[in-house]
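Step one of this worksheet: look at the structure below.
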Amino acid sequence: MALTGTKEYKNYIGGEWVEAAGGGTFETTNPATGDTLGVFPLSTREDMDRAVAAAKEAYETWRLVPAPKRAEILFRVAQRFVERKDELAEEMVKEMGKVRPEAAGDVQEAIDMTYYMAGEGRRLFGATTPSELPDKFMMSTRNPVGVVGAITPWNFPIAIPSWKIAPALVCGNTVVFKPAEDTPLLAERFVEIFEEAGLPPGVLNIVHGAGEDVGAHLVGHPDVPLISFTGSREVGIQVTKEAAPYLKHVHLELGGKNAIIVMDDADVDLSINGIVWSAFGTSGQRCTAASRVIASDRVYDELESKVVSAAEGLTLGDGLDDETDVGPVINRAALDKIHSYTEIGKDEGAKLLTGGEVATGNGLDRGFFYRPTVFGDVDPGMRIAQEEIFGPTTALMRATDVDEAIRIANGIEFGLSSSIFTRDVNKAFRAMRDLVAGITYVNAGTTGAEVHLPFGGTKATGNGHREAGQAALDFYTEWKSIYVDYSGKLQRAQIDNAERPAP
Ligand code: NAD
């Protein structure tokens, strides 16, 4: 039941804002204050079936809209994101907790991605290539696939939906969007903007609700050939299994355990800036967060004391406050999980250098705040150096040289982002080649992707697909190879050609 005065939001299905069939609801709250921000439909499988049916019907007309025309709508979407950037950023601070400049950056990423994909409306290049036979023409074209199920996490509530939905739409697919339960308000705003920009009914639908219920139903729906999922490794595996009987195309963007390497020739102060930004920005709740730092023996002690004092200098608070460096974590379960890893680290014998506790006082008790946490002299095999914590905790490790540092960096199951601070071009190039990760930064932290390069990871971070850049188009289209024979006779490839002597 909605609290008095709390706004109730709806699903968007077939161009109509509708309540959940069963009438169930859930609330979204501010992780810094506990305030309720809105009430959302706790949808049922029936709602999901209706959304898929709407998207399936809309696909038959949307796929035939010329791509440059589809793109014109995306340009208008991008403009609306620009106009509403401040308002969206403020709502994001309230619903997700990240500080205002980061929230504005999240919206900016959607602006960049939407403009970029709108530009694709006049490209979507295929290839033409000469035939081995005379009077024959050959080309490849990108074709849309159908209904895309887009399932997203809460940590980039505007950016991540744009990474999936902008390319899906420009390529001619329709979408059913199942956002995270912790950030339904931002997802609602995202869809509102597409409606305002004139997207036809049914082309983008949103169904709020529980991942294990309506999310799983979307994954297992026979009329949804593409699933693009960003979230945890565990759910990614489940999604893969549920989609397997239908041989669906599944795109997974999962967890990370990203390392920053600092060599003895590095600018250590610069590396500290990179570490602090990557480890504690967004309270460490980024898939690309630097939860490991591997420092060369010669700089380790200096780095350790500088990281600790930088971590202790960070101000925790509500992200709307300009003084705040680090906002809350998303919810109580996240806070408990992060703290459990502090206990695990201590039990494993790592040195807790700072943090390691829930932050209280100064109004922090109303929300879910965790002190930036640094462990020292961590063994690379420890759980705190292997498992994704998804909070403001980082593990410092020692390495004797670049080879050992790269070995430690690679010695995990994930492979999303990586970084090296060095002034030695030889070491930089070794790292660029040998770090087994989808992204490598040189002299920058582990976060900071731009939308026109592929984004994604190796090993357990995903399943080989990439988001963003041209790579995204490969997921949202299927190649068709077309042969046009204008010789007026039957020409057999490989056979007639083989019989003809070279001139
Ligand atoms: P999560 O896996 O719990 O949830 C992600 C989404 O999946 C939510 O919308 C949820 O409702 C839905 N879901 C849950 N169970 C489902 C099921 N059985 N079937 C279908 N959908 C289901 O993840 P989270 O806590 O929201 O996000 C944090 C995780 O996301 C971290 O592991 C982080 O590294 C990862 N992440 C990865 C990237 C990347 O690009 N690689 C980016 C951001 C976050």
Side-chain angles (χ1 to χ4, degrees), residues 26 28 31 40 42-43 45 48 96 98 106 109 113 149-164 176-184 186-187 206-221 224 227-244 248 250-258 282-291 329-335 337-338 387-391 412-417 437-439 446-447 449 451 454-468 471-472 475:
F26 68 101
T28 184
F40 286 82
L42 187 63
S43 309
R45 293 174 178 224
M48 188 53 86
M96 184 274 157
K98 63 177 79 174
D106 192 313
E109 201 159 317
M113 180 61 84
I151 302 177
T152 56
W154 44 266
N155 64 336
F156 282 87
I158 292 286
I160 291 181
S162 80
W163 297 356
K164 300 184 186 311
V176 176
F177 174 24
K178 207 308 279 174
E181 296 91 313
D182 283 304
T183 48
L186 269 302
I206 186 167
V207 178
H208 295 282
E212 60 278 12
D213 188 7
V214 285
H217 193 56
L218 178 60
V219 173
H221 201 296
V224 182
I227 300 292
S228 181
F229 172 85
T230 299
S232 60
R233 175 187 173 281
E234 292 66 29
V235 178
I237 291 170
Q238 238 170 298
V239 165
T240 306
K241 287 182 182 165
E242 282 160 17
K248 294 189 182 199
V250 177
H251 168 201
L252 300 175
E253 292 294 339
L254 310 177
K257 189 71 190 173
N258 315 290
T282 322
S283 307
Q285 302 170 111
R286 295 176 183 143
C287 49
T288 54
S291 51
V329 300
I330 189 70
N331 55 32
R332 165 76 52 199
L335 197 65
K337 178 182 171 196
I338 293 161
E387 297 173 17
E388 187 181 47
I389 300 172
F390 223 56
I412 44 153
E413 67 170 332
F414 297 110
L416 183 49
S417 189
I439 306 167
T446 48
T447 70
V451 301
F455 181 93
T458 62
K459 302 194 280 183
T461 294
N463 58 351
H465 295 288
R466 289 290 182 272
E467 216 132 40
F475 184 72

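Order of listing sets the numbers, starting from 1, for every ligand and every atom in it. As the structure is a prediction and not an experimental result, all values here were calculated from the model.
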Q: Could you pull out all residues at least two apart from D106 that satisfy side chain to side chain donor-acceptor pair (under 3.5 Å)?
A: K98
Q. Does T447 have any side chain to side chain donor-acceptor pair (under 3.5 Å) partners at least two apart in sequence or in another chain, and if so, which?
A. W277, R286
**Q.** Parallel, tilted or perpendicular: ring planes of H251 versus H465, cut at 30 and 60 degrees
**A.** perpendicular
Q: Please name all residues satisfying side chain to side chain donor-acceptor pair (under 3.5 Å) with S43, sequence neighbours left out, ordered by chain then number.
A: N11
Q. Okay, side chain of T461, backbone of L254: is any donor-acceptor separation there less than 3.5 Å?
A. no
(Q) Are W163 and F475 an aromatic pair, judged by ring center distance below 6.0 Å? (A) no
Q: Report all protein residues having a heavy-atom distance below 4.0 Å to some atom of ligand 1; order the list by chain, then number.
A: I151, T152, P153, W154, N155, I160, K178, P179, A180, E181, G211, E212, G215, A216, V219, F229, T230, G231, S232, V235, Q238, E253, L254, G255, C287, E388, F390, L416, F455
